[in-house]
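Quick notes on the structure that follows.
Start at 1 and go down the list; that is how both ligands and their atoms are numbered. Quick note: residue numbers are just sequence positions, from 1.
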Amino acid sequence: MKINFKNFCSGSLLTGALLCGVQTACTTTSMESQYASLPAYNGEDLELTVNDNGTHFRLWSPQAEAARVYLYNTDSNSVATDSLEMTRDENGTWVASAPGQLYGMFYTFRINHNGKWLDETPGVWAKAAGTNGRRAAIIDFAKTNPEGWSEDRGPVVNNINDVIIYEMHHRDFSVHASSGIENKGKFLALTEQGTRSVLGDKTGIDHLKELGITHIHILPSYDYNSVDETQLASNQYNWGYDPYNYNTPEGSYSTNPANPVARVVEMKQMVKALHDAGIGVIMDVVYNHTANNDDSNFSLTAPGYYYRHREDGSYSDASGCGNETASERQQMRNYIVNSVKYWAQEYHIDGFRFDLMAIHDTETMNEVSAELKKINPSIFVYGEGWTAGDSPLPVERRALKENVSKMPQVAVFSDDIRDAIKGHYSNAADCGFATGKPGNEETVKIGIVASTAHPQVDYSKGNNSKFAYAAAPTQIINYVSCHDDLTLTDKLHKSMTDANEADMMRAARLAQTIVFTSQGTPFMFAGEEIFRDKKGVHNSYKSPDSINAIDWTLKQKNAEQFEYYRQLIALRKAHPAFRMTTTEQVAKHIVFDSVEGENLISYSIVDNANGDAWTEIKLVFNGSKEAREANVAEGEWTIIAQDGKLNAEGMGTTNGGKLEVAPCSALILARVK
Ligand code: CA
């Protein structure tokens, strides 16, 4: 995520973070013991339950002196029809009930804290809400399910590295005039079948099926703060890393934010349509901070409790967005765990991507992954193993990529492979292995073995991390770009100064070939398969559609690029050798060749790795501007990739020996015996 702050990669934070760990022990002790003494409540009936006996409210607010519920007929601009005084109940909660099932009504809470009535809030557990989420809504969830919902299942995932992740924003994907999609920028865009671009190419869900990805990762789709849902005609854009209601879908992605049922129904329809197409849905979740501080829903229900603070009482800010939450406190940990469980159960979500995950503690992340696996073993969890600023949470407790071995069912993004392939994210002009800059070879190899221990990889030469931090290749997400920073296309434009468009597309193919053949889980940013750009804007979190939207006419213009990506994905899916699950397998089956010179990597995946039909796969990556020579064992090889082209089924044969590897390209060969 990024609002107005640059993400640091974790390595650059270690020194400051360690200092902070020392400070913490002597500063926040009294505050911590005060919060630790508060009772937590983990029941499923928090805030709202509707049953045959009526409508029931239960608010967790252990330090409140009084609490009320207000009931409304509309989502805004009306006075309360009723208010209910709440009474103290178990474990820091307050309760009130009203007779009857108040479906169609809206509600807010208000607490008295230190003798003062705070502002109204929809609470922290609103599962439905009206316009801009300011009032929670009482709806009948039994009536929100699409036809066939009880039989709806996402794809079965045995291991996370069997999936191929496609990261998208709802507006980017469908809003462009060329998309041929009716419900532009809406959840429903991903339910439309048979859509075609103005030039006749498949778009929408048909495009995803054609490309072959297994899961989409949708940017924040809970109710966020920045887009004014009363002004949708003005086409506001935001990535959505400014959480408001964590358990309600975002209103601007529905066809009618004022109708609290619409966003729930339409998001479920989206999930159902994707599942019917065999595609899983991953949610980007941002529990690490909230859009507001003192007037957030957390602050208005339990002031102070959900956040970490500095010695002077100010909000600590590891998110770079003004505050950070405190997952180590029991009620916050419960909250994160119960919230993802809710999305998994109510919306059939197949995976979760944790923003700035290292703001959370490893214990919370382990509980998250364990509880989700109980619901559905196919669900997987990954996140950004870094923070965007310093934190009072001690380094050893943070869910950092360097601590991922303490979280066996969690994966982290590899900034190692990302920066080594294309150049450092923070310096637009910097090149990487695929664009001819020497010195990145060992870090690319770290990526190839998914940051696991390998006898031929020297971690001391790693650019970012200096040790094999992953306990298994299933703990690594490989990528060369995402919504943050320059798109791959823009990065190539800014760093390949003397190259033409064809050269840049060739570099993109080499970059993604390294990602998709590496151990770990591949991740791509939507539209890269047709060489989309964002007009050079690196932090487009609130840029207009003209920057962010994918122009689908590029699919025809860059048809060869699309076909290459399609073949690359098909190759990975057909060959378990690219998807080994243990460090021991990777160490045994991946053999690097010694090569002369820089910007050249050659290795084999040997001995029918992971049950692969191919005896041996030879991969040679030439990141230089000159043709290079590879020494390949003599024998009968099928050519899979050569000179910027790739065909998963093969395109001719060779007998090995000394083979030329064209500039900026991958040579991939396979042999069956
Ligand atoms: Ca919203």
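Using a 4.5 Å cut-off on side-chain heavy atoms (C-beta onward), Trp386 and Leu356 make contact. Using a 4.5 Å cut-off on side-chain heavy atoms (C-beta onward), Trp125 and Leu59 make no contact.
In this structure a side-chain-to-backbone donor-acceptor pair under 3.5 Å is missing from Asp317 to Gly389.
The Ca ion (ligand 1) lies at 3.0 Å or more from every N, O or S atom belonging to Asn245.
Atom OE2 is the N, O or S atom of Glu229 at the shortest distance from the Ca ion (ligand 1). With respect to the Ca ion (ligand 1), Asp223 has OD1 as its nearest N, O or S atom. The N, O or S atom of Glu250 with the smallest distance to the Ca ion (ligand 1) is OE1.
Looking at Glu324, Arg310, Arg308 one by one, the single match for side-chain hydrogen bond (donor to acceptor under 3.5 Å, both in side chains) with Ser316 turns out to be Glu324.
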